[in-house]
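Owing to the predicted nature of the structure, the values given are computational and were not obtained by experimental measurement.
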Amino acid sequence: MSAENEKPKGVQEKLHGNSFKRFARSTKGSDLIIFVVCLGIASVFWLFLSLYEEVERDFDVPLEIEQIPDSIVIVEPIPSSFNLAVQGKGVQFLKFLWHDVRPLRVKFNDYTTGGNFLIPRQKLEGLFRDYFGQGVKIINLRPESVKAAYTSNIGRKVKLDFDCDIQPRLLYVVSGPITADVDSVMLYSANDIPRTLTSVSTYPIVKTGLKDTTVFTVKIRPIEGIRIIPDQVKITVPIEPLISKKRTVPIEVVNVPDNVRLVTFPSTAEVSYLLPMSTYNTESNVKLFVDFSSINRQTQKVKVQTSSIPGALRNFSFKPDSVEYIIETGLSSQDSGTENNNENK
């Protein structure tokens, strides 16, 4: 350990302070201090002068309409924001450097005329000069004006239709009905709504490769002159993985004549299929049968058939697909087991 490190902390700080003072009194130290001071003064002057120079800035300013009466619905679309280029002194734009651009707020009743909400360009420019401060110049403004019809007419409720073309990933399935968060919407118009207009539809949803339940936000197709509320909906597509299941199902016999019995060997078959995971513990209504009227007496076997397969099942199969049989005839209605004449076919 050096002798300097062995000195108390206060003594070390005093030595370092003395070293800085000696450096500051030296020629190099004095020159450095003067340079830093001059640089700081120059920066302040540059900042001061730049703030009062004419500059041009681009802004996206949101629009908010206040105090809309509850009985009024604005039918036509209104811009959500304005894009404009503004020229003015830099100091006038300082407040926009540290804060989000606040919305341009206007009162509904101040700009209504002849059934329209109307703000012409001249009034818009005046609103933005108040917004940014007097002395600014509006170089460019989009849109240049606002005009939208409104109505106090009672709306009409109509059905919502949606069109979905959904293709899940391999070994996945749409496991239930596709649903929307609303089943109807309200229509508003300044004119009469046609009586033939009883439903509206969304834009189509086309998706492939889904493997999880998914919610889509989709817009409703607009209708000219009519306001649709809501104008977009959330559509839920339930997706589940498919899992394998096997069961033993009895083979039934149908179309058997009176006083005849058909016995199959075996009397059951194993069925296998894929089904949605959530329905694994639910027994599917699967039936297997042989049809007596389809028997060919020249063969030893009869074909096993299945009734309609529930729509949720995939890759359905069963084995065996044919079985041997015995036909028992001459059975009495009282005792079908005491007398029989067996034909092995």
For [X], what residues pass the side chain to side chain donor-acceptor pair (under 3.5 Å) criterion, not counting sequence neighbours?
X: T151; answer: N153
X: R142; answer: N140, E144
X: S272; answer: S317

Exercise for review: Quick one: list whatever passes salt bridge (Lys or Arg N to Asp or Glu O under 4.0 Å) with E66, sequence neighbours left out.
Suggested key: R105

Check your understanding: What residues, two or more places apart in sequence or in another chain, satisfy salt bridge (Lys or Arg N to Asp or Glu O under 4.0 Å) together with K303?
Key -> none

Check your understanding: Would F82 and I78 show up in the same hydrophobic cluster when neighbours are defined by side-chain heavy atoms closer than 4.5 Å?
Key ->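 Same hydrophobic cluster.
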
**Study point:** Cluster check V73, V106: I/L/V/M/F/W/Y, side chain < 4.5 angstrom
**Key:** no

Exercise for review: Name the orientation class of the two ring planes belonging to Y273 and F316 (parallel below 30°, tilted from 30 to 60°, perpendicular beyond 60°).
Suggested key: parallel

Where the side chain of [X] meets the backbone of [Y], is there a donor-acceptor pair that is under 3.5 Å apart?
X: S71; Y: P69; answer: no
X: E328; Y: R261; answer: no
X: R102; Y: Y131; answer: yes

**Study point:** Basic-acidic side-chain contact under 4.0 Å: E56, K137
**Key:** no

Point to revise | With Y150, the ring pair (Phe, Tyr, Trp, His ring centres under 6.0 Å) member among F108, Y111, Y188 | key: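 Testing each of F108, Y111, Y188 against Y150, the sole residue satisfying ring pair (Phe, Tyr, Trp, His ring centres under 6.0 Å) is F108.
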
For residues 194-206, dump all side-chain donor-acceptor pairs below 3.5 Å to protein atoms at least two apart in sequence or in another chain.
residue	atom	partner	partner atom	Å
S199	OG	D161	OD2	3.4

Check your understanding: For S175 and E240, what are the C-alpha separation, side-chain angles and deciding distance, and is it a side-chain hydrogen bond (donor to acceptor under 3.5 Å, both in side chains)?
Key -> CA-CA 6 Å; S175 59; E240 284 189 57; 3.1 Å; yes

Review point. Can Y280 and K245 be said to form a side chain to side chain contact (heavy atoms under 4.5 Å, CB included), step by step?
Key: CA-CA 8 Å; Y280 184 83; K245 185 173 183 177; 3.7 Å; yes

Review point. Tell me, do F128 and L141 make a side-chain contact under 4.5 Å, heavy atoms counted?
Key: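 Contact flag for F128/L141 side chains = yes.
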
